[in-house]
Amino acid sequence: MVPTWLFPSIINSIAQGSIYVVASIGLTLTLAVVKLPNFAHAEFLTVGAYVGVVISRMYPNNILLVSICAFVVCSALAVAIHHVVYKPLMNRKVSIYFLVLASFAVAQFVRYIVFAWAASLTPNLLDTQQDISIYNIVSVFSAPISNIYAIAIVLAIVTSALLAIFFNFTHLGKSMRAIANNFDLARISGINVSFAVNIMWIIAGGLGGLGGVFLGTYTVVTPVLGFNTLLDIFAVVIIAGLTSFVGTIIGGYLVGFSTNTIIQALYVYFGVPFGYAPLIPFAMIVVVLLVKPTGLAPNSQSGIAFFRKLLGSRGNQTLNASKPSPTPQQDQKN
Amino acid sequence: MVDAISFIVAFASFYGIFVILAVSLNLEYGYAGQPNFGQVLFYGLGAFVGAIVAANLLPYFDHLPIGNICNAGAYTVRTSIGSSDAGISLGVWAIALIFAMIAGGIIGLVVSYPAIRVKEEWYLSMILLVAGEAFVIVVENTPQIGCGFEGVDGILNPFYWVSNLYASSPFAGTNLGIDLPGAIYAVVIMACAGICYFVAQKLANSPYGRLLKSIRDDKVAAESLGKDVAAVRRRIMVIGSIMAGLAGGLYVYYLGTATTDDFVPAVTFTIWVMMILGGYANNKGILAGAFVLTLLERGSVLLSVIIQPYFPTFNAAVIIYLEYSVEAVILLLLLLFRPKGLIPERRIQTKAYELFDFSKAAGQKADASNATIPDTTVAKEQGSAS
């Protein structure tokens with residue numbers, strides 16, 4: 001006997017997991033390429049959601065336009081932050097704490113500027129909603145799927161697949177991986193590092209903004225929207241082992257399920273209050289960081305191999321070349 | 001006049017509390033290199049433990065049934081005891097502070113277990129951040145602990161009975177006694193801050209302080225010299241957490257209410273700005289940094305109150321929001337242009353350095369502290385020789 005709450009809850013989990021994937025895949029990208037735990041990533045969500053509020057007031061129900069605007073604004077913000085704050089700091093090769101602290105400062109700056117802007121308007125926008133109507137398009141097992149959920153699920157799959165392809169098969173993506181491995185070597189070998197890093201920030205910020213738009217469609221938009229999801233996003237990324245796209249998908253759905261289906265099951269069977277929902281991702285963060293900091297996902301090499309297999313044998317030579325073969329070392333020893 | 005006095009009292013109270021927090025963070029990060037992004041956890045824990053202990057002990061010592069500390073009756077009982085009985089309120093205050101410190105220390109010990117085991121450096125800040133948030137969530141959703149969202153209120157200032165005494169004294173009509181309990185309590189907070197500062201200064205300038213710095217600068221080297229790095233880091237975490245717990249206990253008695261709203265990560269951020277602004281691994285700088293930030297924070301609150309009547313349509317909260325962004329800008333500017341802070345870290349002052357004034361020998365300007373030492377003949381000779 002299947003309880004009646006199960007199917008709607010699973011649909012919710014999948015949809016929210018998809019939104020988490022979109023929201024946090026940009027952070028995975030940041031961590032993979034410039035190795036920066038960007039705590040300001042959550043503010044892209046806030047800004048994206050507020051861009052959604054402003055644009056949807058002017059052009060109601062136009063989710064495509066809203067998404068494009070949010071993407072553009074947030075990617076511009078990300079590039080600006082990179083050039084003003086992160087780039088000078090990274091050029092000086094400061095310690096990781098200073099970078100973490102700087103990203104905290106950027107997050108706080110953006111968050112409270114949004115606060116001040118939203119509070120100074122009349123009527124204020126501290127507690128508002130996007131003007132995008134939500135309606136059910138299909139029902140699966142008597143569980144309705146809304147238009148937003150459908151778009152989010154499709155978007156999550158498409159973006160993560162496109163990013164994986166971009167990262168593994170295009171020239172720019174490969175140069176980003178080179179930068180991730182060895183910054184100086186990448187620069188010496190003629191890769192336009194600053195261009196690639198700019199593109200990285202555009203993608204990361206823009207996807208963060210997109211995630212914010214979708215998060216803002218079904219929740220109340222406040223200036224702490226992003227900040228309240230910050231640790232969920234980090235949970236996704238940490239479960240992913242910080243740099244893996246496949247892992248991000250797994251992590252996103254894990255967090256989505258834990259904040260919906262799992263907490264509902266705990267509530268129904270053990271009476272655990274719903275307010276405890278964020279503790280599950282928190283526990284995941286702590287356990288993963290302590291026990292297996294490389295994440296629960298299959299490592300990036302196996303992810304790449306999977307996509308290679310999926311898309312044919314193209315590029316296999318580089319994969320083999322990148323793996324050091326054991327035989328020459330043995331010869332040297334002997 | 002009234003505004004000025006209450007501003008000064010509030011400023012002094014907040015300054016003392018922030019100094020304790022910043023000094024404890026400085027011990028943990030500045031000296032020992034442990035980035036504690038969960039300072040708010042120990043601070044909030046101290047506050048809630050202090051409030052709960054006080055709420056239970058006040059009726060207990062007055063031989064009244066304790067009952068549920070969250071309902072209105074308990075609130076009336078607490079406030080009436082606090083405003084009348086000097087002995088009980090001071091005694092309970094002391095016990096509550098001790099419990100707050102013990103709770104901070106215990107949780108510090110518990111948290112330090114994962115803290116010294118993580119691989120990458122920033123994982124620790126992540127874990128502490130998570131711990132701080134988890135604390136807020138648990139307290140908010142568990143009404144059995146701290147009355148949930150409402151928080152524990154009615155924790156009167158331990159010197160509140162002074163105002164009753166004052167009302168029956170010959171000075172009753174004068175302007176003298178405005179917020180007298182608050183003023184006395186502010187002095188007490190400052191005294192506690194002074195003690196913490198003194199302890200931190202002693203720790204930092206002792207061989208233990210040098211050990212902390214050696215671990216911060218090179219963990220492997222310290223370990224290879226036979227130092228138990230894990231134990232030292234655990235210990236400094238406990239010391240810092242005890243101080244933060246004390247700050248929480250003092251704060252809840254200042255404010256009268258323990259709610260989770262006061263223990264958001266923005267507080268941790270403010271303390272970090274204080275530390276970086278003053279200059280880490282430098283307790284004097286901490287005093288300066290805490291002063292600037294407290295002035296900024298209290299000043300913005302005062303400004304928002306003052307201008308509200310003149311601009312009735314303007315939402316004065318904007319000023320407070322902008323103040324938070326100004327803090328962030330200060331930190332960014334510091335990180336970008338002056339990462340060592342206003343007063344950079346100095347060499348540890350030991351007897352050997354005082355006797356053989358190496359800074360003079362190297363042709364640098366001597367520190368003011370060294371100039372006061374009578375026996376500087378060796379240093380002078382060295383200076384003239386070079």
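The figures here come from the full heavy-atom set of this structure, side chains too, leaving out hydrogens, waters and symmetry mates. These numbers were taken from a predicted model, which means no experiment stands behind them. Below, chain A is the first sequence line, B the second, and so on; all start at residue 1.
Counting heavy-atom pairs under 4.5 Å between each of B/Ala134, B/Ser125, B/Gly33, B/Ala131 and chain A puts B/Ala134 at the top. Across B/Leu331, B/Val326, B/Leu336, the residue that shares the most heavy-atom pairs under 4.5 angstrom with chain A is B/Leu336. The most heavy-atom pairs under 4.5 Å with chain B, out of A/Phe98, A/Phe227, A/Trp117, come from A/Phe98. Between chain B and the residues A/Ala107, A/Pro273, A/Pro37, A/Ser120, the most heavy-atom pairs under 4.5 angstrom are made by A/Pro37.
In this structure, chain B has heavy atoms under 4.5 Å from both the backbone and the side chain of A/Ile113. In this structure, the portions of B/Val138 lying under 4.5 Å from any heavy atom of chain A include both its backbone and its side chain. Looking at B/Ile276, only its side chain comes within 4.5 Å of chain A, counting heavy atoms on both sides. Neither the backbone nor the side chain of B/Tyr113 has a heavy atom closer than 4.5 Å to any heavy atom of chain A. Heavy-atom distances place no part of B/Ala317 under 4.5 Å from chain A, backbone and side chain included. Both the backbone and the side chain of B/Ala266 come within contact range of chain A, with heavy atoms under 4.5 Å apart. Contact annotation for A/Leu99: neither backbone nor side-chain heavy atoms come within less than 4.5 Å of a heavy atom of chain B. For a residue to count as touching a neighbouring chain, one of its non-hydrogen atoms must lie under 4.5 Å from one of that chain's; by this rule A/Val84 touches chain B with the backbone only. Interface residue B/Glu327: only side-chain heavy atoms are found under 4.5 Å from chain A. Neither the backbone nor the side chain of A/Phe274 comes within less than 4.5 Å of any heavy atom in chain B.
Within 6.0 Å of NZ on B/Lys219 lie no more than 12 heavy atoms contributed by other residues, nucleotides or ligands.
Considering A/Phe234, A/Phe282, A/Phe39 in turn, A/Phe39 is the only one that fulfils the side chain to side chain contact (heavy atoms under 4.5 Å, CB included) rule with B/Leu129. Only one option out of A/Val286, A/Leu231, A/Val100 pairs with B/Met126 in a side chain to side chain contact (heavy atoms under 4.5 Å, CB included); it is A/Leu231.
Between B/Phe37 and A/Leu101, the closest side-chain pair of non-hydrogen atoms falls below 4.5 Å. Between B/Ile127 and A/Leu290 there is a side-chain heavy-atom pair separated by less than 4.5 Å.
Here the closest heavy-atom approach between residue B/Ile137 and residue A/Pro278 is recorded as CD1-CB, 3.5 Å. The two residues B/Ala328 and A/Ala105 make their nearest non-hydrogen contact at CB-O, 3.2 Å.
Ring geometry for B/Tyr321 versus A/Phe115: interplanar angle under 30°, hence parallel rather than tilted (30 to 60°). Taking the six-membered ring for Trp and thresholds of 30 and 60 degrees, A/Tyr97 and B/Tyr29 have ring planes more than 60 degrees apart, a perpendicular arrangement.
Side chain of A/Arg111 to main chain of B/Tyr324: no donor-acceptor pair is present (N/O by atom type, distance under 3.5 Å, no hydrogens or angles).
To the nearest 0.5 Å, atom CZ of residue A/Arg92 and atom CG of residue B/Leu335 are 8.0 Å apart. For the atom pair B/Glu133 CD and A/Leu279 CG, the distance stands at 10.5 Å (nearest 0.5 Å). Here A/Phe109 contributes atom CZ and B/Ile330 contributes atom CD1; the two are 12.0 Å apart, rounded to the nearest 0.5 Å.
Side-chain N/O atoms of A/Tyr276 and B/Thr142 include a donor and acceptor closer than 3.5 Å.
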